[in-house]
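Remarks on the structure that follows.
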Amino acid sequence: MLRIGTGQDNKMELEFFGAAGEVTGSCHILRVGGRQLLLDCGMIQGGRDAPQRNRLPFPFQVDAIDAVILSHAHIDHCGRLPLLIRRGYRGPIHTNPACAELLPILLRDSAELAARDAERKNRNGAANDPAVEPLYTLEDVEQVLKQLRTIPYNKRVDVLPGVVAQVRDAGHIMGSSSVEVWLTEGSGKAVVRRKLVFSGDLGQYNSPILQDPWQFSSADIVLMETTYGDRRHRDRAATELEFGEILQQAWRDRGNVIIPAFAIGRSQDVLYLLGKHADEWQVGRWQIFLDSPMAIEASAVYWRHPEQYDVEATRLRRDFSMMPPLPNIRFCRTPDESRAINKMRSGAIIIAGSGMCNGGRVLHHLKHNLDRPESHVIITGFQAPGTLGRQIVDRAPSVRIHGETIRVAATVHTLGGLSAHGDQDDLLRWVRNFRARPPVYLVHGEVSSATAFGARLQQESFQSVVASPGLKLDLSTLRPLADDFSS
Ligand code: ZN
């Protein structure tokens, strides 16, 4: 096929576009034998300029992309796929089957947010401002879904001529992958072969439900996430113990427990821990509400894929007739079901989105419970500056919800250790398995975190580079180290 304007034919090359020097917007491109493969196509999130940056033209020719491999369903990895489609991409999008089931949940929500955002801008703009179009629409999302091609874990597949790929369980969320790519260019004596491993997002070791991240041993180059490259999480056992103690205290106080939770991953972890410790924590005396249509849908995907469970979750699932093993759980799909919870003054555990309390149903639960000293709020994840969740964590004496000032009298707990990302120790444990110490390019982390992790890597005899956007590498110049090319 004749390609005009790419100028990259016959060059084995890697270029970084997104999540380079920052956490979000994951997107990298591999070029081999005149073909181009995109790794992820994520949304840029956070920061005032994120909406404009997401609208910019892609810094590559969209119709010159031949294939996409998607590591997982978080929006900062998949969120601009509908835009890629809108701008003309018609090729395959390869991903794990469980990821393919989570994608519609996240992408449809993202398209609806984009529509509401455009509507608000058009309402608030001056009469002669040009109309704002949504970033993409539900139709674009449906087209993404049509172009999905699922690949199971642990099976090598031919993605393009000269490109063989394999996805491995990254243990981060259901269906999350690390990606191995074997690249071959030329033939006979002139053949060039290189292998790249892209970590995707890596989960914690010993996290609930999911398996540990797959351990690789061989690569010529590694692309590695560094979200928590400079931090350590709280110990998992201590986290579970603390969760149990909070519930005991809340029961004694005769209050409700509000858990703002992220729909995918954290909600399922919380439910799983309630099920796992049901007897010990006397969970049966509570009424549990999963008050988020998105989390309910995502939970169904989690329970549909027991093949991705770790040993403990597999055993739990065998012993119980339902997952999660909680007979006292109610799934609240409609707004009326959600509002009905407001009547309960005690004995309710309410899991509702959004995770950072910057929208969603959790707002009205907070409005009804925050000002009562017998209430307990459990924060389970990172709270970005400027969010209501952050104000609550920072112990603001009062907060504004739906235009009302609410006094914060409830007890607020921050439950560390439930992060979907591995910490510095987990990341080191993962990378140490590369026996020949290939060069490591650090992505998906603030520069400070990636730099701190790079310093640790040096102590382990790894050379590393903090990737920057637009950085291009000629892969043929890498020292060949990989020993698992199949001929
Ligand atoms: Zn992720």
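Numbering of ligands and ligand atoms starts at 1, following listing order. FYI, side chains are in, hydrogens and waters are out, and symmetry mates aren't considered; it's all heavy atoms of this structure.
Listed for the Arg333 side chain is no donor-acceptor partner under 3.5 Å among the backbone atoms of Ser338. With hydrogens and angles ignored, the 3.5 Å screen pairs a side-chain donor or acceptor of Gln383 with a backbone N or O of Gly381.
In His74, the N, O or S atom that comes nearest to the Zn ion (ligand 1) is ND1. Note on His172: its N/O/S atom closest to the Zn ion (ligand 1) is NE2.
Around the Zn ion (ligand 1), the angle linking His72 (NE2) with Asp201 (OD2) is 90°, rounded to 10 degrees.
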For Glu337 and Arg330: C-alpha separation, side-chain torsions, deciding distance, then whether salt bridge (Lys or Arg N to Asp or Glu O under 4.0 Å) applies. CA-CA 9 Å; Glu337 287 169 313; Arg330 290 211 204 144; over 6 Å; no
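Here His77 fails the criterion, with no N, O or S atom under 2.8 Å of the Zn ion (ligand 1).
Taking the charged nitrogens against the carboxylate oxygens, Asp117 and Lys121 do have a contact shorter than 4.0 Å, which makes a salt bridge.
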